[in-house]
Number of protein chains: 2
Amino acid sequence: MSYVLNNGPRPVAPETRARVEDAIAKLGYRPNAIASALRGGTTRSIGLLLPDPRNPYYAELAQAIEQQFSERGYLVLTGSTYYSRILEEQYRESFIARKVDGLIVSSGVSLAHEQALGLGEQPVLVLDDAPESVNVSSIAPQNHDDAAAAVEHLQRHGHRMIGCIGGLAYLSTESAHIAGWRNQQIAAGAPAGDELVSFADPSEAGGNAAAQLLLSDHGRPWALHGHRPSALFVSSDVQAVGAIFACYELGLRVPEDIAIVSMGGTKTAAFTIPPLTSMRQDIQFIARLAASHLLDRVVDASANTLRRRLRGNLVIGHSCGC
Amino acid sequence: MSYVLNNGPRPVAPETRARVEDAIAKLGYRPNAIASALRGGTTRSIGLLLPDPRNPYYAELAQAIEQQFSERGYLVLTGSTYYSRILEEQYRESFIARKVDGLIVSSGVSLAHEQALGLGEQPVLVLDDAPESVNVSSIAPQNHDDAAAAVEHLQRHGHRMIGCIGGLAYLSTESAHIAGWRNQQIAAGAPAGDELVSFADPSEAGGNAAAQLLLSDHGRPWALHGHRPSALFVSSDVQAVGAIFACYELGLRVPEDIAIVSMGGTKTAAFTIPPLTSMRQDIQFIARLAASHLLDRVVDASANTLRRRLRGNLVIGHSCGC
DNA sequence: GTGAAAGCGCTAACAT
DNA sequence: ATGTTAGCGCTTTCAC
């Protein structure tokens, strides 16, 4: 009987309970969550859309979010979108069809264009700058200002020619990073031309390739300025790992020849050689906030959406020259 | 009507089909996968149990497996167990209750003890040494022999005193790695005592701590042998990252002062400084084999289980001295 | 080629 | 305090 398993909404005599539990054990009964979900209207699951589990930033985010929801009795279904609009929509449809109770999207590509269009009735939380729109909550880093602060730190060390390694150009996070770099450079009267910017795959290999382009004596910075940048602002920790490796291959010392600052602040950043100076997002905090807010909206569909921007925190390593 | 959406098992007149598709668009109809699963008996989902998404080895494994199943129209539900038996069992119950069509377990803790006990009717695939038992397939690295081969490579470079950094001692993979190291050392007449072994958390921090223990002049190797090991065999790439970092902190050069070889062969290993020599598992191959085999068993419940051992492939970097 | 209806395993609202 | 049953939204069998 349903009431015994769920400590049901109505009382059960201890003798009956024992009898039922007996039968459960004897028959090897397993509850069927599918049937329960169909009837009860809740799956106790939420969908999480992330670009790539191999990027340590998203790996940490996934683990933190999973932990938060798991503690609250929810299962997190994770879909990897690889920055592809098609995959993102496929997973979104799949999650909605599976009746997740809520949806969290990080670095989403398509949501910006058609928020309301195909969203289903579930509450949605975006972990980026989200377009103004009803029924979509957002928790986002202050990408522009954080990037500017990171660049400013390099400027304080005396650097003027600071190269910039970005991720995929069409992501709002990336354009905000680049804008932060550019505005901070302009504010300091330092060079901010496109020859100093290189977009690349958000991976070690991508960061490596981009750094090669910016630092080698065949690169465009050298061609236009007669020398290489003395510092790099890198849009993610993974790419920074690749950038440090590029310096190693080119025989450039970090930070003596090239200073590096990156965005992310993952655990990975603490174990590079030298340790990275990195703009840290408090992922645990984001995850806690995300879980408690989204579940509030799950429970009470009329609850207000949330719009929150979080400032990062520059963790000082040795890669900046400090 | 059901037949139009599924190109159903029975034909539909084009005129009817159009009429139905019209209604679908007009009413904003979304299929309910829950109801479909309850009726149809298949959820088109499989459960994946991994210890930790932040470990790049499991991140790569997760992405490869997800991709394989996604291509075949299956959703992968991932649960992170953090090497905890309790979490592992919770997720297993949750997956079974949700009627996954199959289950993949990597680095499982509890499965060894009670395979058949609570498994549900779904086919199970273990990505480790699995105990002999019906209805459990397994695809496993040749942990012992691969470890021995890695150690032998260090011996070929002339190293005799080779330290060993292991992961969590109670995992079968780990005991196999340690045994491989020990047997290879004994075969070469080289030291293989417990003072050269350090177990640690499978993370950068864990590898760092373990390496400090083995390499510092307060460490037990030094106390017993009067000098530090000249090389380290490390059980995972993440730990090797931490070990390299420890060398950096101790002022030891890799590979001149300390040579390092690790197990894993992840992408991470290619971007350390210097690049790691690492025993690579072909994760893409494992994922393909896992998906095709498991789905065979999903489709035909009477299909044979699979028991496969895969030999690793030593990828030469610079950390070994080559 | 199409319509109608049974039933998957639960939960909650009806009974008693 | 317990027994019984309608119905969640699909798929599939049965009847036409």
With a 4.5 Å limit on heavy-atom distance, are the side chains of D237(A) and M263(A) in contact?
no
Indicate yes or no: at least one non-hydrogen side-chain atom of L48(A) is less than 4.5 angstrom from one of F69(A).
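Contact flag for L48(A)/F69(A) side chains = no.
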If you check the [X] side chain, which of [options] turns out closest?
| X | options | value |
| --- | --- | --- |
| V12(A) | dG9(D), dA1(D), dT2(D) | dT2(D) |
| S2(B) | dG9(C), dG9(D), dT11(D) | dT11(D) |
| N32(B) | dC8(D), dC10(D), dG1(C) | dC10(D) |
| T16(A) | dT2(D), dC10(C), dC10(D) | dT2(D) |
| P11(B) | dC8(C), dC10(C), dG1(C) | dG1(C) |
| P9(B) | dG7(C), dG3(D), dT12(D) | dT12(D) |

Side chain to side chain contact (heavy atoms under 4.5 Å, CB included) partner of Y58(B), chosen from P51(B), P53(B), S236(B), S80(B)
P51(B)
What I want to check is whether an N or O donor and acceptor connect the side chain of Y3(B) with the base of dT13(D) at under 3.5 Å.
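A donor-acceptor contact between them is present.
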Rounded to whole angstroms, how far apart are [atom1] on [X] and [atom2] on [N]?
| X | N | atom1 | atom2 | result |
| --- | --- | --- | --- | --- |
| R39(B) | dA5(C) | CZ | C1' | 11 Å |
| R17(B) | dT2(C) | CZ | P | 10 Å |
| R30(A) | dC8(C) | CZ | P | 20 Å |
| L5(A) | dT11(C) | CG | P | 8 Å |
| I34(B) | dT11(C) | CD1 | P | 13 Å |
| I24(B) | dG9(D) | CD1 | P | 16 Å |
| Y29(B) | dG9(D) | OH | C1' | 7 Å |
| L38(A) | dA12(C) | CG | C1' | 14 Å |

State the OG1-CZ distance between T268(B) and R54(A), to the nearest 0.5 angstrom.
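Output value for this atom pair is 10.5 Å.
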Considering just the side-chain nitrogens and oxygens of S36(B), establish if one lies under 4.0 Å of OP1 or OP2 belonging to dC10(D).
no
Does N6(A) make a side-chain N or O approach to OP1 or OP2 of dT11(C) shorter than 4.0 Å?
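Yes.
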Would you mind telling me which residue lines up with the more 5' stretch of DNA chain C, E15(B) or A35(A), judged by nearest nucleotide?
E15(B)
Polar side chain donor-acceptor pair, D128(B) to S172(B), under 3.5 angstrom
no
